[in-house]
Amino acid sequence: MKINSVKLNNFRNISSMELHATDGVNVIYGENAQGKTNILEAIWLFTGCKSFRGSKDNEFIKFNEDIAKINLDFSDNVRNKKSEIIIGNKKKNVSLNGVSLRSSSELIGSFYAVIFSPSHLSLIKDGPSGRRRFLDTALCQLKPSYAEHLAGYRRALLQRNALLKDLHLSPQLYDILDSWDDQLSRYSAAVISERLKYIEILSQYSKQIYAGISENKEYFSVTYSRNDITDINISVSDLYNLELERIKNARKEDVLYKTTTIGPHRDDIDILINNVSARSFGSQGQQRSCALALKLGESEIIKKITGETPVALLDDVMSELDEKRQDYVLNHINDRQVFLTCCDPSQVLRLCGGKSFLINGGEIV
Ligand code: ATP
Ligand code: MG
């Protein structure tokens, strides 16, 4: 996967910009608040996923303007493609090769990228919701069926929770809980089964990558944090039975707390360095290396499944990594196109060469 050029109009602080990329490393550098991350964010939108900063569409439009327009000219293994996203205050128009799409999620599968930004450190540092989001986003991109199971699970969860809230008013509703337990367990089994498979492959790739980053001095592992599942090849029907039993056992507590206290919406992944929690015991550099290993692992999985090497978008990742770790990361991704932002490009350019772009006030200088 390769970007030939990206064009931005009235996107965040950028009035008008066209960037012609090189096949290797593209270093986007400049002082703080000049528009470096904004460029990566614009590129990311062509994956069909939501902003990695959690921004709403109308926040992309430059202040005091009506529409933002971004164009991407890129090539996959087979051919050259052009995509355009026009964002208005109420409406977004997306097209691929001149054909209008119903929504930007229809872009999923056309352009692959992996983004790593400082906010991804929360994968290691913060609570489980970010780790679940990481898993769900990665799987939704690769497997549309996963997105359906997850949506089904969320709908059933909402209904069951609503029922739990009303139970004290109408105890006769108690019997209906059985049918929601059944539905929830079915979706739950499908979701967990895919998550287990994904984590298994992710673990293999990330382990190797982390070993490389740490020069084999540290051991990294990632597992789905369910001690009751010992066989990761467990069948969906066995998982269903396990989930059904679990939800029945949790009923007393669920009724007490008026919410569903167990299930994939509460599960987590364990990330360990040398067999201890990276969250509790990892240094800044180790935590950053873990997050990088996970993101680069994600990239390897996309490559394996789709045959396309995703473009790597690295937002300010080199700070906090010592020179050896920086060196490893740049070597590891030298088989693909990279867009990397930083304030001081000298070290990165010394390590990897590539093309550099100085950004000042939303313009390429
Ligand atoms: P840093 O090195 O601090 O990460 P950066 O170059 O990555 O800086 P960006 O995050 O790209 O900076 O943001 C650049 C500027 O864009 C910010 O000052 C921000 O206020 C501005 N900005 C964000 N959204 C809009 C918008 N809709 N209209 C105009 N300016 C915006
Ligand atoms: Mg930035």
Side-chain angles (χ1 to χ4, degrees), residues 1-12 18-19 21 38-61 66-117 132-155 187 190-191 194-195 198 295 298-299 301-313 336-337 339:
M1 193 113 277
K2 192 185 93 177
I3 293 174
N4 305 311
S5 67
V6 55
K7 209 167 139 187
L8 291 83
N9 286 95
N10 294 332
F11 185 88
R12 295 220 185 249
E18 184 158 7
L19 186 152
N38 293 345
I39 299 172
L40 298 194
E41 189 180 35
I43 294 174
W44 173 254
L45 293 180
F46 289 94
T47 61
C49 299
K50 302 228 172 311
S51 159
F52 56 85
R53 291 165 153 179
S55 307
K56 296 193 193 81
D57 282 351
N58 59 8
E59 293 170 8
F60 299 135
I61 306 169
D66 297 324
I67 55 165
K69 190 167 109 175
I70 47 179
N71 296 74
L72 194 74
D73 185 318
F74 63 103
S75 312
D76 60 19
N77 286 337
V78 183
R79 62 192 180 121
N80 185 254
K81 293 179 182 172
K82 287 184 195 326
S83 183
E84 181 174 77
I85 302 179
I86 299 175
I87 304 157
N89 257 319
K90 295 216 170 79
K91 204 165 173 262
K92 187 154 80 171
N93 293 312
V94 185
S95 69
L96 181 65
N97 294 332
V99 177
S100 286
L101 306 181
R102 268 172 301 166
S103 74
S104 48
S105 63
E106 287 195 351
L107 280 174
I108 290 178
S110 300
F111 171 70
Y112 290 106
V114 171
I115 171 79
F116 183 71
S117 82
R132 284 193 297 267
R133 204 175 322 115
F134 164 71
L135 261 185
D136 291 341
T137 312
L139 273 160
C140 285
Q141 257 203 85
L142 288 170
K143 290 202 150 193
S145 61
Y146 181 83
E148 283 166 28
H149 296 317
L150 192 64
Y153 180 81
R154 286 178 176 152
R155 274 194 310 271
Y187 284 125
V191 166
E194 294 294 349
R195 284 185 181 178
Y198 188 83
K295 294 300 287 182
E298 179 193 351
S299 167
I301 296 177
I302 294 178
K303 195 165 135 187
K304 187 174 173 214
I305 292 183
T306 68
E308 291 286 346
T309 308
V311 173
L313 306 173
R336 74 198 68 185
Q337 193 181 37
F339 289 78

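In this structure the side chain of Asn38 reaches within 4.5 angstrom of the side chain of Glu41, judged on heavy atoms. Under the 4.5 Å side-chain criterion, counting only non-hydrogen atoms from C-beta, Tyr112 is not in contact with Lys303. In this structure, the side chains of Phe52 and Thr47 stay at 4.5 Å or more apart for every pair of heavy atoms. Tyr198 is listed as a side-chain neighbour of Leu142, based on a closest heavy-atom distance under 4.5 Å. Side-chain contact between Phe60 and Arg12: present, with at least one pair of heavy atoms (C-beta onward) separated by less than 4.5 Å. Residues Ile43 and Phe339 form a side-chain contact, since some pair of their non-hydrogen atoms from C-beta on lies under 4.5 Å apart. Two residues are said to be in side-chain contact when any heavy atoms from C-beta on lie closer than 4.5 Å; Val311 and Leu313 meet this criterion.
The nearest pair of heavy atoms linking Lys92 to Ser104 is NZ-OG, 3.3 Å. Residues Ser75 and Asn4 approach most closely at OG-ND2, 3.2 Å, considering heavy atoms. When every heavy atom of Ser110 is checked against every heavy atom of Lys81, the shortest pair comes out as O-NZ, 4.0 Å. Across all non-hydrogen atoms, the minimal contact from Ala42 to Leu8 is CB-CD2, 3.7 Å.
With hydrogens and angles left out, the side-chain atoms of Tyr187 and Arg154 include no donor and acceptor closer than 3.5 Å. With no hydrogens or angles considered, no side-chain donor-acceptor pair links Asn93 and Ser100 at under 3.5 Å. For the 3.5 Å distance criterion, the side chains of Asp136 and Tyr146 qualify, holding a donor opposite an acceptor.
Looking only at distances, a side-chain donor or acceptor of Gln337 sits under 3.5 Å from a matching main-chain atom of Ile3. Listed for the Asn97 side chain is a donor-acceptor partner under 3.5 Å among the backbone atoms of Lys82. Glu308 places a side-chain N or O within 3.5 Å of a backbone atom of Asn77 that can act as its donor or acceptor partner. In terms of modelled atom types and a separation under 3.5 Å, the side chain of Ser83 and the main chain of Ser95 share a donor-acceptor contact.
In this structure, the separation between NZ on Lys90 and CG on Asp57 is 13.5 Å, given to the nearest 0.5 Å. With rounding to the nearest 0.5 angstrom, the CG atom of Leu150 is 14.0 Å from the NZ atom of Lys143. Note that OG1 of Thr309 and CE of Met1 are 9.0 Å apart. Values are rounded to the nearest 0.5 Å. With values rounded to the nearest 0.5 angstrom, Ile61 atom CD1 is found 14.0 Å from Lys69 atom NZ. Atom CH2 of Trp44 sits about 4.5 Å away from atom SG of Cys49, to the nearest 0.5 Å.
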Evaluation steps, side-chain contact (heavy atoms from CB on, under 4.5 Å), between Ile70 and Phe46: CA-CA 9 Å; Ile70 47 179; Phe46 289 94; 3.7 Å; yes

Can you check side-chain contact (heavy atoms from CB on, under 4.5 Å) on Ile85 and Leu107, steps first, answer last? CA-CA 10 Å; Ile85 302 179; Leu107 280 174; 4.2 Å; yes

Quick one: do Ile67 and Asn10 satisfy side-chain contact (heavy atoms from CB on, under 4.5 Å)? Show the steps, please. CA-CA 7 Å; Ile67 55 165; Asn10 294 332; 5.8 Å; no

Candidate pair Leu135 and Glu194, rule side-chain contact (heavy atoms from CB on, under 4.5 Å), full reasoning: CA-CA 10 Å; Leu135 261 185; Glu194 294 294 349; over 6 Å; no

